[in-house]
Amino acid sequence: MTENIGFIGLGTMGKPMALNLLKSGYKLTVFDVEGSAIEALVSEGAIAASSAKEVAEKTEILVSMLPASQHSLAAAFGPDGYLSGLQKGSTVIDMSTIDPDTTRQIAQGVTEAGGQMLDAPVSGSSAWATTGTLTIMVGGDRKVFEEQYSLLNCMGTNIIHCGEIGMGETVKLANNLVAGVSMVAVTEAFALGISKGADPKVLFEVMSKASGNCWTLQTRCPAPGVVGDSPVNNEFAPGFMTDLMYKDLGLALAAASQEKLPLALTAIAHEQYGATSRQGFGKLDFSAVAKLLEMNQNV
Ligand code: NAD
């Protein structure tokens with residue numbers, strides 16, 4: 001395979017995703033604002049670009065994996081952004097989790113430059129990015145989705161077309177709402193049980209086999225020493241950072257407010273992650289929200 005793919009944003013997620021494209025045989029031209037992130041990919045066989053614009057000039061399929069809306073906007077519309085170098089007929093796939101309205105704004109810019117766009121945010125950890133087993137939620141024209149399916153399949157195993165442009169982001173925000181709220185619920189359950197003398201291992205065993213079972217319980221049990229690879233046993237190394245969960249729940253609330261939809265639990269969970277970040281734990285895994293309930297203060 002000689003197809004030349006551009007990749008912008010080579011951080012926690014972007015780096016392993018880009019590596020999987022290289023391993024699948026694609027030629028890769030890469031850019032990140034951090035030079036060291038580019039060098040790490042070049043040492044694996046990628047070609048360095050000095051700007052997002054240069055990536056667009058050298059490739060016809062561009063993937064981006066950036067932290068938040070402002071970064072996706074800068075990479076697209078900034079002075080050296082990819083829109084200033086986009087070739088007609090190019091496809092942009094933004095895999096960042098951002099505001100659906102921002103996605104549509106960027107898509108309009110891509111269309112005006114003669115290209116086409118998919119939004120394709122992902123669910124899963126950096127470990128899933130490494131193994132190429134992400135779940136990918138895609139918005140945009142179905143024909144473009146089908147054209148890019150095999151590329152996306154190098155990075156994920158569950159690739160689902162969710163509707164028109166921006167709908168991948170909407171579905172992603174709905175998914176993360178469940179993860180964010182349920183993490184707070186699991187934490188409260190353990191705080192209550194432990195404060196009343198329950199054995200955390202018994203709590204986990206019962207909840208795993210009862211109606212309290214959920215993904216956050218299984219991957220992020222907040223009591224130390226119960227689930228081997230839970231972040232609490234590794235100084236809350238992410239995983240998925242508290243600041244990213246705060247951002248995603250904020251995006252969900254902003255989208256809901258457009259519909260005057262009262263997402264009460266989401267609002268409370270959003271405040272909890274904000275408070276966790278204010279205490280200095282924003283870069284820790286989002287299960288560090290347990291620290292607010294005086295759990296795991298020394299972890
Ligand atoms: P990250 O901060 O680790 O990486 C982002 C990279 O983008 C960095 O290397 C940064 O230097 C680069 N960057 C920022 N602005 C840029 C610009 N204008 N041009 C080029 N490069 C730029 O973030 P991440 O954890 O990889 O997350 C990326 C996205 O994936 C986020 O939207 C996040 O919500 C989402 N996500 C993350 C996870 C996770 O577990 N980390 C899981 C699912 C989804």
Side-chain angles (χ1 to χ4, degrees), residues 6-20 29-41 46 48-56 62-85 92-100 102-103 106 119-138 155-156 158 168-169 171-180 183 215-216 219-220 231 236-252 273 282-288:
F7 208 111
I8 301 167
L10 307 162
T12 310
M13 298 296 282
K15 180 183 175 186
M17 290 161 68
L19 284 174
N20 279 332
T29 300
V30 298
F31 175 68
D32 192 291
V33 288
E34 293 289 337
S36 57
I38 299 178
E39 281 159 28
L41 261 291
S50 59
S51 65
K53 179 182 179 187
E54 189 186 336
V55 174
L62 276 79
V63 180
S64 55
M65 190 53 166
L66 299 160
S69 298
Q70 68 268 29
H71 306 94
S72 285
L73 284 169
F77 293 104
D80 268 331
Y82 59 75
L83 286 179
S84 57
V92 174
I93 308 173
D94 189 5
M95 304 189 74
S96 327
T97 304
I98 62 170
D99 170 29
T102 303
T103 292
I106 297 171
D119 56 309
V122 309
S123 183
S125 61
S126 55
W128 295 15
T130 303
T131 51
T133 52
L134 293 165
T135 291
I136 307 180
M137 293 144 266
V138 189
M155 299 180 275
N158 298 304
E169 298 292 356
V171 171
K172 163 72 181 172
L173 295 183
N175 175 78
N176 273 28
L177 180 164
V178 176
M183 186 71 246
W215 183 78
T216 44
T219 63
R220 287 174 163 79
F236 287 110
F240 186 64
M241 287 189 292
T242 297
D243 282 345
L244 290 178
M245 183 56 88
Y246 181 69
K247 172 200 66 160
D248 289 357
L249 295 188
L251 291 175
Y273 292 110
K283 305 290 175 229
L284 300 185
D285 186 79
F286 72 102
S287 51

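One-based numbering along the sequence shown. Small disclaimer: the values here were computed from a predicted structure and weren't measured. As the structure lists them, so they are numbered: ligands from 1, and atoms in each ligand from 1.
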So, does [X] use its side chain to make a donor-acceptor pair with the main chain of [Y] at under 3.5 Å?
| X | Y | result |
| --- | --- | --- |
| Ser72 | Ser69 | no |
| Lys172 | Val122 | yes |
| Tyr82 | Ser64 | no |

*Asp32 and Leu10: which non-hydrogen atoms are nearest, and at how many Å?*
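So the minimum-distance heavy-atom pair works out to OD2-N, 2.7 Å.
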*Heavy-atom pair with the smallest gap, counting every atom of Pro238 and Lys283*: CG-O, 3.4 Å
Ligand 1 N/O to protein N/O, distances under 3.5 Å:
unit_1, atom_1, unit_2, atom_2, d
ligand 1, 3 (O), Thr12, N, 2.9
ligand 1, 3 (O), Thr12, OG1, 2.8
ligand 1, 9 (O), Asp32, OD1, 3.4
ligand 1, 9 (O), Asp32, OD2, 2.7
ligand 1, 11 (O), Asp32, OD1, 2.6
ligand 1, 21 (N), Val33, N, 3.4
ligand 1, 26 (O), Thr12, N, 3.4
ligand 1, 26 (O), Met13, N, 2.8
ligand 1, 32 (O), Leu66, O, 3.1
ligand 1, 32 (O), Pro67, O, 2.8
ligand 1, 32 (O), Thr97, N, 2.9
ligand 1, 32 (O), Lys247, NZ, 3.0
ligand 1, 34 (O), Lys247, NZ, 2.8
ligand 1, 40 (O), Gly239, O, 3.2

*Only counting residues at least two apart or in another chain, list the ones meeting side chain to side chain contact (heavy atoms under 4.5 Å, CB included) with Ala129.*
Met13, Pro16, Met17, Leu134
